[in-house]
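Numbers here simply count residues along the sequence, with the first being 1. Being a predicted model, the structure only gives us computed values, none of them experimental.
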Amino acid sequence: MAQRMTDEEWRAFVSEGTRTGKLSTVRADGSPHVAPVWFLLDGDDVVFNTGRDTVKGRNVVRDGRVALCVDDDRPPFDFVVLQGRARVSEDLGEIRHWAARIGARYMGEERAEEFGARNGVPGELLVRVTVDKVLAQKAVAN
(Lines give C-alpha, C1' and ligand atoms only; values in the text may rest on other atoms or scores of the structure.)
Protein backbone atom coordinates (compact mmCIF):
# COMPACT_ATOMS: atom_id res chain seq x y z
CA MET A 1 0.00 0.00 0.00
CA ALA A 2 1.32 3.43 -0.95
CA GLN A 3 2.75 5.61 1.78
CA ARG A 4 2.93 9.39 1.97
CA MET A 5 6.47 10.79 1.78
CA THR A 6 7.63 13.20 4.44
CA ASP A 7 8.77 16.68 3.48
CA GLU A 8 12.39 15.56 3.75
CA GLU A 9 11.74 12.43 1.65
CA TRP A 10 10.03 14.17 -1.27
CA ARG A 11 12.70 16.88 -1.39
CA ALA A 12 15.43 14.22 -1.53
CA PHE A 13 13.45 12.24 -4.11
CA VAL A 14 13.00 15.12 -6.60
CA SER A 15 16.65 16.15 -6.14
CA GLU A 16 18.13 12.68 -6.69
CA GLY A 17 20.30 12.15 -9.74
CA THR A 18 19.04 13.30 -13.11
CA ARG A 19 15.32 12.74 -12.75
CA THR A 20 13.46 15.00 -15.12
CA GLY A 21 10.18 16.66 -14.32
CA LYS A 22 7.08 16.55 -16.47
CA LEU A 23 5.79 20.11 -16.43
CA SER A 24 2.10 20.77 -17.01
CA THR A 25 1.09 24.27 -18.06
CA VAL A 26 -2.21 25.78 -19.17
CA ARG A 27 -2.69 26.62 -22.85
CA ALA A 28 -4.64 29.72 -23.88
CA ASP A 29 -7.70 27.56 -24.64
CA GLY A 30 -7.51 26.03 -21.14
CA SER A 31 -6.18 22.66 -22.25
CA PRO A 32 -3.08 21.16 -20.61
CA HIS A 33 0.39 21.06 -22.14
CA VAL A 34 3.03 18.69 -20.74
CA ALA A 35 6.76 18.85 -21.45
CA PRO A 36 9.86 17.40 -19.78
CA VAL A 37 12.15 19.84 -17.98
CA TRP A 38 15.48 19.84 -16.20
CA PHE A 39 15.07 21.56 -12.85
CA LEU A 40 16.45 22.22 -9.39
CA LEU A 41 14.79 22.59 -6.04
CA ASP A 42 15.76 25.86 -4.34
CA GLY A 43 14.19 25.99 -0.90
CA ASP A 44 10.44 25.99 -1.50
CA ASP A 45 10.84 26.81 -5.19
CA VAL A 46 11.34 24.74 -8.31
CA VAL A 47 13.67 26.48 -10.76
CA PHE A 48 14.09 25.81 -14.48
CA ASN A 49 14.73 27.72 -17.66
CA THR A 50 13.00 27.67 -21.01
CA GLY A 51 12.72 29.73 -24.16
CA ARG A 52 10.26 32.63 -24.02
CA ASP A 53 8.78 31.52 -27.36
CA THR A 54 8.30 27.84 -26.49
CA VAL A 55 4.80 26.57 -25.72
CA LYS A 56 5.64 26.20 -22.03
CA GLY A 57 7.35 29.61 -21.97
CA ARG A 58 4.36 31.36 -23.49
CA ASN A 59 2.02 29.47 -21.18
CA VAL A 60 3.80 30.37 -17.92
CA VAL A 61 4.05 34.03 -18.94
CA ARG A 62 0.30 34.15 -19.66
CA ASP A 63 -0.93 31.88 -16.84
CA GLY A 64 1.48 30.94 -14.06
CA ARG A 65 -0.43 27.89 -12.83
CA VAL A 66 1.75 24.80 -13.20
CA ALA A 67 2.21 21.26 -11.93
CA LEU A 68 5.44 19.27 -12.03
CA CYS A 69 5.46 15.46 -11.79
CA VAL A 70 8.66 13.59 -10.92
CA ASP A 71 8.52 9.82 -10.78
CA ASP A 72 10.51 6.64 -10.49
CA ASP A 73 9.19 4.19 -13.07
CA ARG A 74 10.75 1.17 -11.37
CA PRO A 75 8.94 -0.96 -8.78
CA PRO A 76 7.72 -0.27 -6.20
CA PHE A 77 7.04 3.09 -8.00
CA ASP A 78 7.28 6.46 -6.28
CA PHE A 79 6.10 9.86 -7.46
CA VAL A 80 5.84 13.49 -6.45
CA VAL A 81 3.51 16.11 -7.92
CA LEU A 82 4.27 19.73 -7.07
CA GLN A 83 1.74 22.46 -7.83
CA GLY A 84 2.24 26.18 -7.69
CA ARG A 85 2.48 29.50 -9.47
CA ALA A 86 5.34 30.34 -11.79
CA ARG A 87 7.00 33.72 -12.05
CA VAL A 88 9.57 34.55 -14.69
CA SER A 89 12.73 36.58 -14.92
CA GLU A 90 14.63 37.70 -18.01
CA ASP A 91 17.67 38.86 -16.02
CA LEU A 92 20.54 37.31 -18.01
CA GLY A 93 22.87 37.04 -15.02
CA GLU A 94 20.24 35.16 -13.04
CA ILE A 95 19.34 32.94 -16.00
CA ARG A 96 23.00 32.12 -16.68
CA HIS A 97 23.66 31.30 -13.02
CA TRP A 98 20.72 28.90 -12.73
CA ALA A 99 21.24 27.41 -16.20
CA ALA A 100 24.80 26.53 -15.16
CA ARG A 101 23.62 24.95 -11.90
CA ILE A 102 20.94 22.98 -13.72
CA GLY A 103 23.46 21.94 -16.38
CA ALA A 104 25.78 20.69 -13.63
CA ARG A 105 23.03 18.49 -12.22
CA TYR A 106 22.12 16.87 -15.52
CA MET A 107 25.38 16.92 -17.50
CA GLY A 108 28.08 17.09 -14.83
CA GLU A 109 30.00 19.88 -13.18
CA GLU A 110 32.57 19.95 -16.00
CA ARG A 111 29.85 21.10 -18.45
CA ALA A 112 28.05 23.55 -16.14
CA GLU A 113 29.48 26.72 -17.67
CA GLU A 114 28.76 25.45 -21.17
CA PHE A 115 25.07 25.15 -20.33
CA GLY A 116 25.08 28.48 -18.52
CA ALA A 117 26.48 30.18 -21.63
CA ARG A 118 24.16 28.30 -23.98
CA ASN A 119 21.00 29.09 -22.03
CA GLY A 120 21.89 32.44 -20.45
CA VAL A 121 20.97 34.42 -23.56
CA PRO A 122 18.25 36.84 -24.65
CA GLY A 123 15.01 35.00 -25.32
CA GLU A 124 15.44 32.62 -22.38
CA LEU A 125 13.40 32.78 -19.20
CA LEU A 126 14.23 31.76 -15.67
CA VAL A 127 11.09 30.22 -14.21
CA ARG A 128 10.66 29.99 -10.46
CA VAL A 129 7.65 28.08 -9.12
CA THR A 130 6.69 28.51 -5.49
CA VAL A 131 5.28 25.17 -4.41
CA ASP A 132 1.80 25.49 -2.89
CA LYS A 133 0.72 21.85 -2.88
CA VAL A 134 2.60 18.55 -2.71
CA LEU A 135 1.35 15.04 -3.43
CA ALA A 136 4.18 12.60 -2.67
CA GLN A 137 3.71 8.83 -2.55
CA LYS A 138 6.23 6.02 -2.17
CA ALA A 139 5.94 2.29 -2.71
CA VAL A 140 2.76 2.62 -4.74
CA ALA A 141 2.87 -1.06 -5.81
CA ASN A 142 3.35 -2.46 -2.30
Side chains of [X] and [Y]: closer than 4.5 Å at any heavy-atom pair?
| X | Y | result |
| --- | --- | --- |
| Leu68 | Val129 | no |
| Lys22 | Val81 | no |
| Glu124 | Arg52 | no |
| Lys138 | Phe77 | no |
| Leu82 | Trp10 | yes |

Work out which heavy atom in [X] is nearest to a heavy atom in [Y]; give both atom names and the distance.
| X | Y | value |
| --- | --- | --- |
| Phe39 | Arg105 | O-NH1, 2.8 Å |
| Pro122 | Leu92 | N-CD2, 3.6 Å |
| Ala28 | Asn59 | N-OD1, 4.4 Å |
| Val70 | Gly21 | CG2-CA, 4.1 Å |
| Ile95 | Asn119 | CG2-O, 3.3 Å |
| Asp78 | Ala139 | OD1-N, 2.7 Å |

With rounding to the nearest 0.5 angstrom, report the [atom1] to [atom2] distance, [X] to [Y].
| X | Y | atom1 | atom2 | value |
| --- | --- | --- | --- | --- |
| Arg27 | Thr25 | CZ | OG1 | 7.0 Å |
| Arg65 | Asp132 | CZ | CG | 12.5 Å |
| Arg96 | Arg118 | CZ | CZ | 12.5 Å |
| Thr50 | Leu125 | OG1 | CG | 7.0 Å |
| Cys69 | Gln83 | SG | CD | 11.0 Å |
| Glu94 | Asn49 | CD | CG | 11.0 Å |

* Asked: Run the side chain to side chain contact (heavy atoms under 4.5 Å, CB included) check on Val80 and Met5 step by step: do they pass?
  -> CA-CA 9 Å; Val80 174; Met5 288 186 202; 4.0 Å; yes
Donor-acceptor pair, [X] side chain versus [Y] backbone, under 3.5 Å?
| X | Y | value |
| --- | --- | --- |
| Arg62 | Val26 | yes |
| Arg58 | Asp53 | yes |
| Arg11 | Gly43 | yes |
| Ser15 | Ala12 | no |
| Tyr106 | Arg19 | yes |

* To do: Given side chain to side chain contact (heavy atoms under 4.5 Å, CB included), test Val127 with Val47 step by step and report yes or no.
  => CA-CA 6 Å; Val127 181; Val47 180; over 6 Å; no
* Would you sort out whether Asp42 and Arg128 count as a salt bridge (Lys or Arg N to Asp or Glu O under 4.0 Å), showing the intermediate values? => CA-CA 9 Å; Asp42 181 34; Arg128 185 173 281 276; 2.8 Å; yes
* Residue Glu8 excluded, over 12 heavy atoms near CD under 6.0 Å -> no
* May I ask you to check whether Phe48 and Trp98 place their ring centres under 6.0 Å from each other? => no
* Is Phe13 linked to Leu41 within one hydrophobic cluster, defined over Ile, Leu, Val, Met, Phe, Trp and Tyr using a side-chain heavy-atom separation of less than 4.5 Å? -> yes
* To do: Is it possible for you to say whether Phe79 and Val46 belong to one hydrophobic cluster, with membership spreading through side-chain heavy-atom contacts below 4.5 Å?
  => no
* side chain to side chain donor-acceptor pair (under 3.5 Å) between Asp91 and Ser89, worked out -> CA-CA 6 Å; Asp91 178 275; Ser89 170; 5.3 Å; no
* To do: Let me see the working for Lys56 and Val37 under side chain to side chain contact (heavy atoms under 4.5 Å, CB included), right down to the final yes or no.
  => CA-CA 10 Å; Lys56 65 183 170 288; Val37 293; 3.7 Å; yes
* Audit row: Asp63, Val60, side chain to side chain contact (heavy atoms under 4.5 Å, CB included) steps and yes/no -> CA-CA 5 Å; Asp63 184 333; Val60 297; over 6 Å; no
* Could you check Glu113, Glu109, Glu114 and say which one makes a side-chain hydrogen bond (donor to acceptor under 3.5 Å, both in side chains) with Arg111? => Glu114
